[in-house]
Structure formats: C-alpha cells, structure tokens
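As structure tokens, the structure follows; a few thoughts come after it.
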Amino acid sequence: MKVILDQDKCVASGQCVVAAGDVFDQDDDGIAVLLDPTPPSDRAEDVEQAAAVCPALAIRIQS
C-alpha cells in the first residue's frame with residue numbers, strides 16, 4: 001500500500017488524523033501531513049477509512 005496526500009487540496013478537517021493518527025498528522029495550520037507513505041498492511045483499514053472521510057478527497061491509496 002502506498003498513500004499519496006495532496007496537501008494543496010487539504011481543508012484541515014483533521015479526519016485523517018482521527019482515523020489513522022500513526023499515518024497522518026497536522027501542521028500548525030491544520031494541514032494534513034503524511035507521516036508514513038507506506039504503512040504496514042495491518043493499518044490498511046484505518047488508512048482506507050481516512051481516505052473515505054476526507055472531505056477534500058486529498059488522500060489516494062495505491063496498492
């Protein structure tokens with residue numbers, strides 16, 4: 001799994017951090033930061049949830 005985050009699209013909702021806080025964080029402005037672009041497979045469900053709840057559709061997952 002490879003995670004791609006388009007920070008330019010991010011609207012700073014923080015939903016990705018709630019869903020997968022070990023993969024995503026937020027900077028001082030609330031913009032999402034990708035901590036782990038290749039998370040372990042046991043985190044796949046949380047990362048997929050993060051992508052699904054992102055209101056800006058800023059997260060893409062490649063397998």
Side-chain angles (χ1 to χ4, degrees):
M1 163 185 288
K2 181 177 179 183
V3 181
I4 300 166
L5 172 65
D6 185 346
Q7 287 183 308
D8 292 335
K9 286 185 177 180
C10 181
V11 295
S13 73
Q15 297 302 308
C16 58
V17 178
V18 172
D22 55 334
V23 178
F24 300 96
D25 199 356
Q26 289 178 289
D27 66 15
D28 292 338
D29 295 322
I31 302 299
V33 176
L34 184 59
L35 300 175
D36 187 356
T38 55
S41 59
D42 66 338
R43 303 303 296 145
E45 187 174 323
D46 292 339
V47 173
E48 290 168 359
Q49 177 66 20
V53 299
C54 176
L57 303 175
I59 302 167
R60 290 185 297 130
I61 300 170
Q62 294 179 339
S63 16

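Throughout, numbering of the chain's residues begins at 1 and tracks the sequence.
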Show every donor-acceptor pair shorter than 3.5 Å between a side-chain atom in residues 1-8 and any protein atom, with sequence neighbours excluded, or say none if there are none.
unit_1, atom_1, unit_2, atom_2, d
D6, OD1, D8, N, 3.1
Q7, NE2, A32, O, 2.7

If you look only at distance, which donor and acceptor atoms sit under 3.5 Å apart when one is on a side chain in residues 49-63 and the other is two or more places apart or in another chain?
none

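A distance of 11.5 Å separates SG in C10 from CG in L34, rounded to the nearest 0.5 Å.
Contact between A12 and D29 at its shortest, heavy atoms only, is CB-O, 4.0 Å.
The cluster map of Ile, Leu, Val, Met, Phe, Trp and Tyr, joined by side-chain heavy atoms under 4.5 Å apart, puts V47 and V17 in the same cluster.
Counting heavy atoms from C-beta outward, F24 and L35 have side chains that stay 4.5 Å or more apart.
For R43, the salt bridge (charged side-chain N to carboxylate O under 4.0 Å, His left out) partners are D22, D46, not counting sequence neighbours.
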